[in-house]
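Nothing here was measured: the structure is a model prediction, and the numbers come from that model. Both backbone and side-chain heavy atoms feed into the values below; hydrogens, waters and symmetry mates do not.
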Amino acid sequence: MSQPLRVGNASGFYGDRFAAVREMLEGGPLDVLTGDYLAELTMLILGRGKMKDPDAGYATTFLRQMEESLGLAVERGTAIVVNAGGLNPRGLADRLRELAARLGIEVRVAHVEGDDLLARAEELGFSDSPYGAPLTANAYLGAWGIAECLKAGADVVVTGRVTDASLVVGPAAAHFGWARDDWDALAGATVAGHVLECGAQATGGNYAFFEEIYNVKAPGFPVAEIHADGSSVITKHDGTGGAVTTETVTAQLLYEIGAPSYAGPDVTTRFDTIELAQDGPDRVRISGVKGTPPPPSTKVCLNHLGGHRNEMTFVLTGLGIEAKAESVKARMAAAFGDAPPARVEWTLIGAAKADPATQGEATALLRCAVLDPDPHKVGRAFSNAAVELALAGYPGFTMTSPPGKGGPYGVYSPAYVLNEAVEHVAVTPDGTRVPITSAPVTAPITEAIAAPGEQEGAASVPQGPVASVPLGRVAGARSGDKGGDANIGVWARTGAQWAWLEPFLTVERFKELLPETQEHTVHRHVLPNLRAVNFVVEGLLQEGVSASTRFDPQGKALGEWLRSRLVDIPEALL
């Protein structure tokens, strides 16, 4: 067991680079190849598909990838572990067996089930919602069902909703023979899994300082070399694009997290114990991670059908942009009459430049998003009313799209059930059903939130003149969504910059810099080992990505907005 387990990733979401599976298998040796296909929105999409076809509910892209690459994986001895099963892992496992038989490939397929709690929604209290019974209800399973399948000899393991990191933790636990209470090892593998789960985001994708690593190739997908103690090295195949540095890894570690105690069904991982070190070109070592028992409850992803939505975007050009925008709003309000849609949200995007040299520079966009339980209110009645302003509205009227009927939207909400209420089952290649018990020990999450300036050993902040410059001159950021909440992780590039950033970027300052957060509860968490602070903004994204009327419904660009704000920074740090 002195050799590390090499685990790669080939998908960060349903729709990621199709060729990545083959690229990873051909790029270098791998013991395991994982793929993350699920997100809260994906579960909603699969749920709607399953309403039309009960045999659907899985990521069909994965089947097409396996048609191209399953033989190569078997030839290379690389196990495949994916959550592409979605709402129908058994169905996907059956389709894989049929595919293998058609291709003449001998392969042992297993699957994990028990996450789907929809049939028990009323029993578990999930129907007590303004939207009625949920469309989907899936618990976040842990790693031990995957481990059981691999120990039983599976070449391919298909799961439904497991925690993203479980795709990595399960193979590591099976390979190294970890016990259920090897908390530190499990926590270390969880960190490696969190880095890998979003694919190329760990190798320079969506990276704040992208100019420093840009090249003509798309970023390669990441690989984790996991050791028996749970420590790991994050790397990528030779010759692929992008880069693996302590900062690209830091950026991914800050993605879609909350407090430093990162709770999962198998272990609670202390993100404030993570230690990163550059271990050579495109190699970052992760060590020192501590774990504690998981909480006594398991998170459940609920999706409800919330109603119907639509949007139209008006193009405003030249002089009087604000007056033109107000004219449109007034005319649309008149068209709505006494019965407007339940939610109407206007967003003015961009601003016309003075003395614009191009028409683009003279243009701003005005977006109107509407939601209502009644599809007719937000359908053609809405979009036609917008288009009817074409010859009776502001000068230069045009729109970005023709009228449309809109479509349904979903509402995401989390729920929690006792661990014992979830029937986690591994179905091995021979069809044996192996029940997976919940963690032998649990512990409630306790969190001490550090106040500014409490960190020990920090460098002193240089004195002298300051300059008003964008925050992004000294700090990177990565932001994302967790249901209706948004998180923005911010890290400093040097110790001296961290000594300034940590006491400077308080909740109050954060709200000043991002005024749209001022009416929301904001939590601040300090991660000194990563020279980072993480902010969680409750409810900023409303009821989740499908229902959000924000221009950036998943909060992906919030970090870049924050970095663009001007702040006074000591010149010695620039």
Residues in side-chain hydrogen bond (donor to acceptor under 3.5 Å, both in side chains) contact with [X], at least two apart in sequence or another chain:
{"X": "Arg509", "value": "none"}
{"X": "Thr248", "value": "none"}
{"X": "Ser231", "value": "Asp229"}
{"X": "Tyr255", "value": "Lys556"}

Whether Phe504 and Trp500 hold their rings parallel, tilted or perpendicular, with breakpoints at 30° and 60°: parallel
Please work out which of the three classes, parallel, tilted or perpendicular, describes the rings of Phe382 and Phe336, given edges at 30° and 60°. parallel
Among Arg493, Arg531, Gln252, find the one that has a side chain to side chain donor-acceptor pair (under 3.5 Å) with Glu247. Arg493
Checking Asp36, Thr159, Asp115, Thr163 against Asn83 for side chain to side chain donor-acceptor pair (under 3.5 Å), the one that qualifies is Asp36
Should we count [atom1] of [X] as having more than 12 external heavy atoms under 6.0 Å?
{"X": "Glu423", "atom1": "CD", "answer": "no"}
{"X": "Glu123", "atom1": "CD", "answer": "yes"}
{"X": "Lys405", "atom1": "NZ", "answer": "no"}

Distance-only polar pair, side chains of Gln518 and Glu508, donor-acceptor under 3.5 Å: no
Which pairs, with at least one residue in residues 286-298 and sequence neighbours excluded, count as a side chain to side chain donor-acceptor pair (under 3.5 Å)? Thr298-Asn419
Tell me, please, which residues at least two apart from [X] pass side-chain contact (heavy atoms from CB on, under 4.5 Å).
{"X": "Asn9", "value": "Thr34, Leu196, Phe221, Pro222"}
{"X": "Ala333", "value": "none"}
{"X": "Thr61", "value": "Tyr14, Phe18, Arg64, Gln65"}
{"X": "His304", "value": "Ser129, Tyr131, Pro134, Leu302, Ser413"}

What pairs of residues pass the salt bridge (charged side-chain N to carboxylate O under 4.0 Å, His left out) test when at least one of them lies in residues 538-548, not counting sequence neighbours? Arg343-Glu543
Only residue of Val490, Asn206, Asp552, Leu558 satisfying side chain to side chain contact (heavy atoms under 4.5 Å, CB included) with Ser479 is Leu558
In Å and rounded to the nearest 0.5 Å, what is the CZ to CD distance from Phe13 to Gln201? 9.5 Å
Output the distance between atom CD (Glu113) and atom CD1 (Ile436), rounded to the nearest 0.5 Å. 11.5 Å
Contacts of His111 meeting ring pair (Phe, Tyr, Trp, His ring centres under 6.0 Å) (sequence neighbours excluded), chain-then-number -> none
Which residues pass the ring pair (Phe, Tyr, Trp, His ring centres under 6.0 Å) test with Tyr58, sequence neighbours left out? none
Would Arg563 and Phe209 count as a cation-pi pair here, with the cationic atom under 6.0 angstrom from the ring centre and within 45° of the axis? yes
Is it the case that the ring center of Phe271 lies less than 6.0 angstrom away from the ring center of His194? yes
